[in-house]
**Q** 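I am attaching a structure below and will ask some questions about it afterwards.
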Amino acid sequence: MNRLPMNQHDDFDRSLRQLQQHAEGALPPATLLRLRQARQHASASAQAPRRHAAGWVLATAFSAVLAVTLGLQFNRTPPAPQPASQATATTDDTSEDTLLFDESPELYLWLGSDALAME
C-alpha cells in the first residue's frame, strides 16, 4: 500500500486509517479485550438464527403440503357420469337386493294392512 494518493478520496481514507490506529493505541488492553469479547458474542448470536433457518424452511414446506392436501380434500368434484354399459352392470348388482322384496308380496300386504297401523 505504498502508493501515492490518486485523488482526495485516497487521502481521506489514509487519514481515517491513521486516526483509527491512533485511537486503538490509546485504548487500554482491558477495554480492547472486552470489545473483542462483545464482538465475538454478537457474531455468535447473529449466527444462531441461521441454525434455525432449516427448521423454518421445513415448517413452511410442511404447512404448504398440508394446505394443498386440505384444499384437494375439500375441493372434490362429483364423479363423472358412467357410460350406459357400466350403468347396467351396476344395476345388475343391486337387483339382488330388490329381488328379496319382489319375491315376497306378503310384505307389501302386511305393510298396507290395518293391523300394522294398530300396533
Side-chain angles (χ1 to χ4, degrees):
M1 291 254 144
N2 292 332
R3 59 188 175 118
L4 295 173
M6 299 291 253
N7 55 26
Q8 82 187 121
H9 294 294
D10 288 339
D11 191 30
F12 179 73
D13 288 342
R14 189 173 8 89
S15 65
L16 283 181
R17 284 191 188 110
Q18 288 174 355
L19 184 61
Q20 181 184 5
Q21 289 172 355
H22 175 68
E24 287 175 357
L27 286 176
T31 306
L32 287 175
L33 178 66
R34 281 187 288 170
L35 287 172
R36 279 190 204 107
Q37 288 173 348
R39 182 179 34 201
Q40 288 173 352
H41 179 70
S43 66
S45 64
Q47 291 175 357
R50 291 182 186 153
R51 291 183 210 144
H52 299 294
W56 283 107
V57 169
L58 286 175
T60 303
F62 176 74
S63 31
V65 168
L66 183 66
V68 168
T69 305
L70 287 175
L72 291 175
Q73 190 75 11
F74 289 122
N75 192 19
R76 292 197 174 194
T77 57
Q82 296 178 352
S85 62
Q86 289 181 354
T88 57
T90 57
T91 56
D92 291 340
D93 296 338
T94 59
S95 64
E96 294 174 4
D97 296 336
T98 57
L99 281 177
L100 192 70
F101 296 116
D102 290 341
E103 290 175 358
S104 178
E106 295 172 357
L107 175 68
Y108 296 108
L109 289 173
W110 177 72
L111 286 173
S113 70
D114 291 334
L116 181 64
M118 295 284 193
E119 289 181 5

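Positions are given from 1, in the same order as the sequence printed here.
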**Q** Who else is in the cluster with Val65 when I, L, V, M, F, W and Y are joined by side-chain contacts under 4.5 Å?
**A** none
**Q** Side-chain contact test, heavy atoms from C-beta onward, threshold under 4.5 Å: evaluate it for Gln20 versus Glu24 and give yes or no.
**A** yes
**Q** Are any non-hydrogen side-chain atoms of Leu33 and Gln37 less than 4.5 angstrom apart?
**A** yes
**Q** Rounded to the nearest 0.5 Å, how far apart are NE2 of His22 and CG of Leu27?
**A** 10.0 Å
**Q** Once side chain to side chain contact (heavy atoms under 4.5 Å, CB included) is applied, do any residues pair with Leu70, and if so which ones, sequence neighbours excluded?
**A** Leu66, Phe74
**Q** Excluding sequence neighbours, so at least two apart, what forms side chain to side chain contact (heavy atoms under 4.5 Å, CB included) with Arg39?
**A** Arg36
